[in-house]
Visitor: 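The structure under discussion is supplied below as structure tokens; questions concerning it will follow.
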Amino acid sequence: MRKSKPQSEEFSFEVPDGGQIVVAEGAEADASSGTAASAVRPEDKVPLKEKLCYGAGGLMDGGGVALMSCVMLGFMTKYGGIIPAVASTIMMVAKLWDAVSDPFMGFISDNTRGKWGRRKPYMFFGGIALILALFMLFMPLRDWGVSVSGYTAYIIIMYLVWNTCSTITQVPYTSMASDITPSFKERNNTNTVKLVFTAAASGLAYVIPLVLLEALISEDGYLFFPKISGPVFWIVLCVVFGTLFGGGLILCGLFVKERIKPTAPKQKFNLKRFVKNYIEPYKNRSYRWHIVMYATAFMCMDMISALAVYYATDVWHGYKLFGMDMSSMFIVAPLMVAAVIAFPLARIMMDKKSKAFAFRMGLPFYIAGGIMLAVMDPSWTPPVLVPIVALIMGFGFGGAQMMPWIIFPDTLDVAEMATGARPTGTYSGMMTLARKVAGAFGVGLVGWIMSGAGYITDDSATTYINQPDSALLAIKLVLGISIAVFITIAMIASFKYKVTSKKLERMRYFIDTRKDGGALTPEEEEEREKMVAELYGKVNPNDIVDPSKYDENGNIIENDDIAEFETVESEGIDAVAQTLAEEASALSEEAREDNVFSQSDLYESVSEEAGDADGTVSDDVPSDEQKIEE
């Protein structure tokens, strides 16, 4: 059992070998200190092999969104001949379906029980389905003679299928960010490994598909690619990214452990309760500000990704850089490279300052770079400034890209401290819902504004069309304004997010004490209530659960007395029953004589006979004075 000590003193907890680790107040709060590392229990450690497998699962988490954001709109308009307003509406509808289905998947995952755990089965089998869905989505029907209208109908269906497979895998996977270990230091380290994989996947998914797309739509090919056909684009894209995305999820499903078990009972589906689940995560104040940070930053990134092809190939059409036609690669590649370079700095600032500080520290550069891209005009701007400005934006975006999924488990710690429940799947589902709704709106806005400004498409999709000035201006304005507005909102939200490493350490102490059935001192209880009020807000008593009453599968633990009685060996039961009847008769006669009836004699007799039955005798026998009340 944990020892309760006031916050101003040091506190201790037991380790498996029976010893204790004593940690001074705030010691583990400084995640860069050696004391923090020593405070991680052996069973909470995540081996390097497992971290790598978990990171491999993040290839889809980072690359899947990047792939669809940067190439799907351009693929539908420039290859498929679909007008931008229709193409962006298809993406918006699919993302909305994806968003709506996320909480359903979160509920299903939270209530799954089995030897594989709650998350891993969906990653394994979903990874296989994801590979098939990718091949179906990019099937080159236009090369096979299908009309634009027929292709439009097909792409609607298959994009919905792709997003369904994405939901099946990604909601359980993102929930693993919290379930992989109770140690927030180990979680930070594991999620940092994951972010290396997601960043690498994002870079590959932004650059390779764009190069392939421009080799597909250009008359002379692009870079080292000659002009390629739709089937070549299809095979290369799907083999490369199907292997990365699906294969990574399969590895994660096979080799990663879920160390945090359910703390609430398994629930049956209830529509009314399910609808409430849409609202419940937003009772958590820290979670609300985290969602604002996450949704606005990544909505902005989705819009940049969708606009990159049009900005490079339409606004800068006919201009060359390093002997090559201007390409979206000169925007996306430097941005992603700079973001990856910024990761170590963000990690250091996370330890020294806070995760919110690491999130916002580079955002002013991000805003400045977006405005510069909007105001630069090919008539007076050297083309080399395009990748330089993108590089500046990338340094600013690095922290914003890295931090949200590192912050996410901390919001669950806040919820568990306040209510005792850890609804990881629901929180994860609502997080991805918010991100996808925001992304759907952002991408839809891009297509609608471009079509409204007169952007022209050609059903033949074989030759370049010069766009009107109104369409070119719209592309630049949407790029600059979206970055300035949404990143400013994200920065403001980061100042409202108050969770720090020191507070996380105290939260884990309160949570673990409750799980172990311990009691807090009055001073600690007052401290906990203040933290709940600051970080969570008002708690509904109906939302509070006692995790000590549930086993690792979410089933109610039986009463200890009943469980102890059931351990009596079967051969002693008859003797106990016979003696019980005799004692009951004797005590009834005594009660009639003395007008006193004490149940203590009955319990003594039962305990003595049960002890005889299993060869043990209790030394805790009450005195006669305790038996009889005068």
Side-chain angles (χ1 to χ4, degrees), residues 54 56-73 75-76 90-109 119-139 155-177 194 197-198 201-202 204-206 209 237-238 240-253 294-295 298-299 301-302 305-306 404-405 408 425-443:
Y54 176 68
L59 293 172
M60 170 61 189
D61 186 34
V65 174
L67 174 64
M68 297 302 155
S69 296
C70 74
V71 81
M72 196 64 199
L73 189 62
F75 180 75
M76 286 192 287
I90 291 172
M91 294 185 70
M92 186 186 72
V93 170
K95 282 180 173 288
L96 289 176
W97 159 247
D98 193 9
V100 170
S101 62
D102 280 348
F104 284 91
M105 191 63 221
F107 179 87
I108 292 170
S109 179
R119 321 298 181 190
K120 300 200 297 179
Y122 302 106
M123 289 185 279
F124 179 81
F125 294 106
I128 297 172
L130 200 72
I131 296 172
L132 300 176
L134 186 65
F135 273 90
M136 296 295 291
L137 178 62
F138 286 100
M139 192 172 289
I155 210 74
I156 291 172
I157 296 171
M158 295 317 304
Y159 200 37
L160 288 171
V161 171
W162 162 264
N163 280 279
T164 301
C165 293
S166 174
T167 293
I168 291 171
T169 59
Q170 291 310 288
V171 171
Y173 177 76
T174 54
S175 298
M176 284 285 287
K194 167 197 166 183
F197 280 85
T198 58
S202 295
L204 293 174
Y206 278 122
L237 185 79
C238 295
V240 171
F241 291 101
T243 301
L244 289 175
F245 298 164
L249 286 165
I250 291 169
L251 286 175
C252 188
Y294 177 56
F298 278 80
M299 174 183 177
M301 188 62 197
D302 286 346
S305 300
W405 284 108
F408 168 68
T426 300
Y427 270 56
S428 173
M430 291 305 300
M431 183 175 174
T432 52
L433 183 150
R435 188 255 191 274
K436 289 171 182 176
V437 168
F441 175 75
V443 173

Visitor: Can you see which heavy atom on Ala438 is nearest to which on Ala295, and at what distance?
Guide: CB-O, 3.9 Å
Visitor: Working to the nearest 0.5 angstrom, can you tell me the gap between Leu67 CG and Leu137 CG?
Guide: 8.5 Å
Visitor: How many angstroms lie between CE in Met60 and CE in Met123, if you round to the nearest 0.5 Å?
Guide: 13.5 Å
Visitor: Which heavy atom in Asn163 sits nearest to a heavy atom in Ala94, and how many Å separate them?
Guide: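 That would be ND2-CB, 3.4 Å.
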Visitor: Give the ring-plane orientation class for Trp162 versus Phe245, where under 30° counts as parallel, over 60° as perpendicular and anything between as tilted.
Guide: tilted
Visitor: Hey, is the main chain of Gly58 close enough, under 3.5 Å, to the side chain of Tyr173 for a donor-acceptor pair?
Guide: yes
Visitor: Under the salt bridge (Lys or Arg N to Asp or Glu O under 4.0 Å) rule, collect the residues that match up with Lys194, sequence neighbours excluded.
Guide: Asp61
Visitor: Could you tell me which non-hydrogen atom of Asp302 sits nearest to which non-hydrogen atom of Gly439, and how far apart they are?
Guide: OD2-CA, 3.4 Å
Visitor: Is there a donor-acceptor contact under 3.5 Å from the side chain of Thr174 to the main chain of Gln170?
Guide: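 At least one qualifying donor-acceptor pair exists.
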Visitor: On a heavy-atom basis, which atom in Ala133 and which in Cys165 lie closest, and how many Å separate them?
Guide: CB-SG, 3.9 Å
Visitor: Without swapping roles, check the side chain of Tyr427 against the backbone of Ser175 for a donor-acceptor pair under 3.5 Å.
Guide: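 Pair absent, no side-chain N/O of Tyr427 close to backbone of Ser175.
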Visitor: Looking only at non-hydrogen atoms, find the nearest pair between Ala306 and Leu73 and report the distance.
Guide: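 Taking Ala306 first and Leu73 second, the nearest heavy atoms are CB-CD2, 4.0 Å.
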Visitor: Looking only at heavy atoms, which two atoms of Tyr122 and Pro172 are closest? And how far apart?
Guide: CB-CG, 3.7 Å
Visitor: Between atom CZ of Phe197 and atom SG of Cys252, what is the distance when rounded to the nearest 0.5 Å?
Guide: 10.5 Å
